[in-house]
Amino acid sequence: MSKRIGMEIALAAAEAAALCRPDVIAAYPITPNTHVPEHLSEIVAEGRLDAEFITVESEHSAMSACAGASGAGARAFTATSSQGLLYMAEILAIISSMRLPVVMIIGNRALSGPLSIWNDHSDIMSQRDIGWISLFAANGQETVDMTIQAFKIAEHPDVMLPTNVNLDGFQLTHVVEPMLMPDQEEVDRFLPPFKPFAALNPDDPVTLGALGLPDIYTEACKSREEVLLNSKKVILEVWKEWEEQFGRKYEPIEPYEAEDAEVLMLTMGSMGETAEMAIDELRKEGMKAGLLKLKLWRPFPFEELKEAVKGAKVLVVTDRCLSYGGAGGPVALEVRSALYEEKKRPVILNYIIGLGGRDVMVDHFMEMIRTAAKADAERPEKAYEIYGVRE
Amino acid sequence: MNTAKQYRSGLVENFDLYAPKLVDKEEYFAAGHRACQGCGEALAIRLMCKALGRDTVIVNATGCMEVISTMYPTTAWKLPWMHVAFPNAAAVASGVEAGLKVLRRKGKIKDRYVKTVGIGGDGGTVDIGLQALSGAMERGHDMLYVCFDNEAYMNTGIQRSGATPFGASTTTAPPGKASRGNRTWKKNMPEMMVAHNIPYVATACHSYPIDFMNKVKKARSIKGPSYIHCLSVCPTGWRCDSKSCIKMGRLAVETGAFPLYEVENGKYRLSADMPETLRPLEDYIKLQGRFRHLTPDEIGYFQERVKLEYKKLMTKVKSSR
């Protein structure tokens with residue numbers, strides 16, 4: 001039976017990963033995800049988990065070792081942040097192309113420079129088009145749940161894609177929260193053993209990672225795209241099973257006071273919980289404000305988004321990353337594209353918030369939503385605004 | 001893992017020496033791949049696979065051998081084989097080794113010993129793959145890594161690498177009015193591997209097939225990390241006759257430009273194929289277009305440096321007796 005615990009979220013993520021019985025863990029230290037692998041190595045050292053823990057010499061090798069382990073037929077896990085994710089970048093795209101269902105926790109952190117160890121989403125956004133499934137957790141409980149769900153989604157025979165679970169660095173990784181931690185029996189019941197469709201076995205030799213000439217490369221890309229799009233069906237199924245077994249509901253876009261909302265805000269990650277408080281305040285003032293919390297970033301839930309914004313006049317999209325020289329933050333770009341063809345769509349505003357650990361308070365969210373509410377009549381001049389920036 | 005403590009002498013188990021007639025007839029690296037005519041590297045791989053046998057997993061760095069052998073949907077490999085990227089063969093092999101070990105321990109795969117072998121060219125080993133290889137060796141994975149050294153980035157069109165010999169002309173170290181080709185000495189990769197305190201390091205060349213296969217077989221028998229640096233003649237990049245592949249490898253060894261030796265638990269031993277006296281270096285380099293521009297003075301310097309390096313090696317060999 002699940003146990004109520006109070007624990008630092010990074011440690012809880014490690015506990016959740018350990019419950020999934022990974023065979024190989026390869027990780028390299030980088031703030032702020034480090035407590036995840038640290039705690040896993042402790043779990044292995046205590047003999048609670050039978051796994052090979054490889055203390056690699058770089059993130060590039062961490063992801064490479066995960067590729068090798070997964071190719072050998074083992075369940076592989078790693079965790080990283082920021083520069084580490086970018087150092088892995090070369091391998092990330094290869095792993096999804098090879099359909100190796102590695103699971104990775106990303107303690108999201110700003111990219112250098114200037115050097116910053118604090119949180120935003122610029123690390124994962126730079127790696128959004130590499131064919132991985134990307135989930136975003138808003139709190140400790142979601143981190144635990146999504147870590148376990150990630151293995152089941154990734155290893156589903158119709159998916160076989162690597163999956164990352166994103167949690168905000170410090171704002172989640174280093175925060176102690178109360179959570180329900182499933183027990184081993186429950187996780188074993190939920191998560192079947194990993195069955196690779198091809199593994200490195202001398203009795204049945206396979207060639208993994210062949211060269212693709214122009215006559216096959218396009219088709220290889222198409223098959224990757226198709227499997228990633230189709231994975232949404234499995235993700236929804238897995239979330240349904242999770243709800244049935246554990247009673248906690250997951251959906252690609254979680255609404256909060258959104259049903260009759262005229263002004264909607266969209267967040268990803270931990271800021272959703274602060275934004276909820278802002279919505280509560282605004283509701284008290286009589287404003288029809290609501291919130292959408294995006295939990296599934298890749299594959300992007302186009303249909304669910306269209307449905308969720310149907311009744312709204314204004315949609316405020318928050319981004320924790322700037323697409324330099326582009327038309328706003330990556331989430332807003334996606335949302336605008338998704339809604340462009342809709343006959344009736346809300347006015348879309350984009351605020352870039354919380355870069356490199358800049359705090360965004362309840363008041364700030366309230367101000368953003370209040371300003372946005374006026375946008376129905378007066379369209380904003382700019383496609384996006386870096387909120388609170390000193391000029 | 002503490003490699004210094006882990007590997008004591010005597011870890012190299014008794015193994016059978018090869019004689020020509022005992023070589024495996026089975027081909028694990030099939031014919032029909034797309035290597036150039038007279039490719040020493042493809043030959044070396046074929047010999048290596050024979051010495052390794054069926055219970056082997058190969059992890060290949062990006063490079064000539066990966067490109068010529070696995071053009072989808074074809075493959076030359078009859079052994080389980082994996083390629084991920086250029087700099088990470090040793091890191092991928094770490095994961096394969098760890099994966100096979102834990103799956104065997106948990107009873108999820110057959111209980112038998114399968115050797116993990118990482119392979120790469122000189123660029124993928126001594127340059128871009130050095131960090132991953134150093135990490136894998138230092139951590140003490142039970143794997144063999146073989147570097148097939150053809151002394152430049154041949155797959156991308158003969159650019160210089162850290163393993164390119166002194167004076168060689170490459171497409172990024174061309175001779176001209178202001179340059180005389182590659183100005184640096186070949187990076188001593190086997191010595192760097194010795195410095196990792198691994199139980200077995202050897203140099204080899206496909207032109208001495210029995211010696212090479214015996215070294216591979218010995219490395220395979222070691223429960224721990226081992227490294228073989230195999231000089232692989234590239235007629236395309238060296239600008240020599242494709243029919244001269246075997247001869248060129250022999251000349252590299254006979255002149256002392258590429259001496260054959262083993263380092264077992266820190267003890268150096270010259271291989272039996274090394275001659276008593278070295279041939280003049282010119283016998284080797286005059287047959288290759290990549291050294292054509294060298295002046296007698298430069299050849300003189302090259303010769304002296306080869307002698308010096310050989311002397312340094314012999315000092316280690318003598319002190320190991």
Side-chain angles (χ1 to χ4, degrees), chain A residues 21-26 28 50-76 78 88 90-91 93-95 97-98 100 102 193-196 198-213 215-217 219-220, chain B residues 1 28 34 53-60 62 66-106 108-110 112 114-116 118 131-136 138-139 141:
Chain A
R21 304 183 190 273
D23 299 305
V24 174
I25 302 151
Y28 186 78
D50 184 6
E52 287 293 309
F53 191 97
I54 313 179
T55 51
V56 280
E57 80 300 326
S58 72
E59 289 90 353
H60 194 283
S61 286
M63 196 39 75
S64 302
C66 283
S70 195
R75 181 174 282 168
T78 188
M88 287 177 178
E90 182 192 18
I91 312 305
I94 301 173
I95 288 214
S97 149
M98 291 174 79
L100 300 172
V102 173
F194 173 37
K195 284 200 189 95
L200 298 164
N201 171 10
D203 290 335
D204 183 17
V206 286
T207 290
L208 300 179
L211 172 75
L213 294 186
D215 65 342
I216 197 68
Y217 187 85
E219 284 67 26
Chain B
M1 258 184 246
Y28 300 102
R34 294 158 197 228
R54 188 171 296 282
D55 286 346
T56 306
V57 173
I58 304 285
V59 178
N60 205 159
T62 307
E66 167 262 332
V67 168
I68 59 106
S69 67
T70 65
M71 224 169 262
Y72 185 86
T74 66
T75 181
W77 294 92
K78 294 186 189 172
L79 295 173
W81 179 95
M82 186 174 190
H83 155 254
V84 177
F86 193 13
N88 68 349
V92 175
S94 302
V96 170
E97 185 264 349
L100 293 175
K101 185 158 78 180
V102 66
L103 292 176
R104 189 179 171 197
R105 185 168 73 223
K106 290 182 176 178
K108 290 182 182 174
I109 55 170
K110 250 189 224 170
R112 64 150 171 217
V114 174
K115 188 82 182 182
T116 305
Q131 175 181 306
L133 176 60
S134 173
E138 169 270 321
R139 292 190 298 270
H141 291 278

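Ion pairing of A:Asp23 with B:Lys106 is present here, as a side-chain N (NZ or NE/NH1/NH2) and a carboxylate O approach within less than 4.0 Å.
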Go through the steps for B:Gln131 and A:His60 under the test side chain to side chain contact (heavy atoms under 4.5 Å, CB included), then give the verdict. CA-CA 10 Å; B:Gln131 175 181 306; A:His60 194 283; 5.7 Å; no
**Q.** Chi angles and distances behind the side chain to side chain contact (heavy atoms under 4.5 Å, CB included) call for A:Glu57, B:Arg139
**A.** CA-CA 9 Å; A:Glu57 80 300 326; B:Arg139 292 190 298 270; 2.9 Å; yes
Practice prompt. Check the pair A:Ile54, B:His141 against side chain to side chain contact (heavy atoms under 4.5 Å, CB included), reporting the backbone distance first and the verdict last.
Written response: CA-CA 10 Å; A:Ile54 313 179; B:His141 291 278; 3.8 Å; yes
- Task: Kindly indicate, with the supporting measurements, whether the criterion side chain to side chain contact (heavy atoms under 4.5 Å, CB included) is fulfilled by B:Val84 and A:Met98.
- Result: CA-CA 9 Å; B:Val84 177; A:Met98 291 174 79; 4.3 Å; yes
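Looking at A:Val206, the atoms closer than 4.5 Å to chain B (heavy atoms on both sides) all sit in the backbone: N, CA, C or O. For A:Asp215, no part lies under 4.5 angstrom from a heavy atom of chain B. Contacts between A:Ala26 and chain B at a heavy-atom distance below 4.5 Å are absent for every atom of the residue. Heavy atoms of A:Ser70 lying under 4.5 Å from chain B are absent altogether. When heavy atoms are compared at a cutoff of 4.5 Å, A:Leu200 approaches chain B by way of both its backbone and its side chain. Looking at B:Thr74, there are no atoms closer than 4.5 Å to chain A (heavy atoms on both sides), in backbone or side chain. In this structure, chain B has a heavy atom under 4.5 Å from the backbone of A:Ala51, while its side chain stays farther away. For a residue to count as touching a neighbouring chain, one of its non-hydrogen atoms must lie under 4.5 Å from one of that chain's; by this rule B:Leu100 touches chain A with backbone and side chain alike. The part of B:Val114 that comes within reach of chain A is its side chain, from C-beta onward, which places non-hydrogen atoms under 4.5 angstrom from that chain.
When the candidates A:Ile216, A:Leu213, A:Asp50, A:Asp203 are compared by the number of heavy-atom contacts under 4.5 Å with chain B, A:Asp50 comes out ahead. Ranked by heavy-atom pairs under 4.5 Å with chain B, the list A:Ala72, A:Ala74, A:Pro202 is led by A:Pro202. Of the listed residues (A:Ser64, A:Ser61, A:Ala210), the greatest number of heavy-atom pairs within a distance under 4.5 Å of chain B belongs to A:Ser64.
To the nearest 0.5 Å, atom CG of residue A:Leu100 and atom CE of residue B:Met82 are 5.0 Å apart. Here OG1 of A:Thr207 is found 9.5 Å from CG of B:Leu79. Values are rounded to the nearest 0.5 Å. With values rounded to the nearest 0.5 angstrom, B:Ile58 atom CD1 is found 13.0 Å from A:Leu208 atom CG. Atom CG of B:Asn88 and atom CD1 of A:Ile94 lie 7.0 Å apart (nearest 0.5 Å). For the atom pair A:Thr55 OG1 and B:Glu138 CD, the distance stands at 6.5 Å (nearest 0.5 Å).
Side-chain contact between A:Glu90 and B:Pro87: present, with at least one pair of heavy atoms (C-beta onward) separated by less than 4.5 Å.
Contact between A:Glu52 and B:Ala98 at its shortest, heavy atoms only, is CG-O, 3.5 Å.
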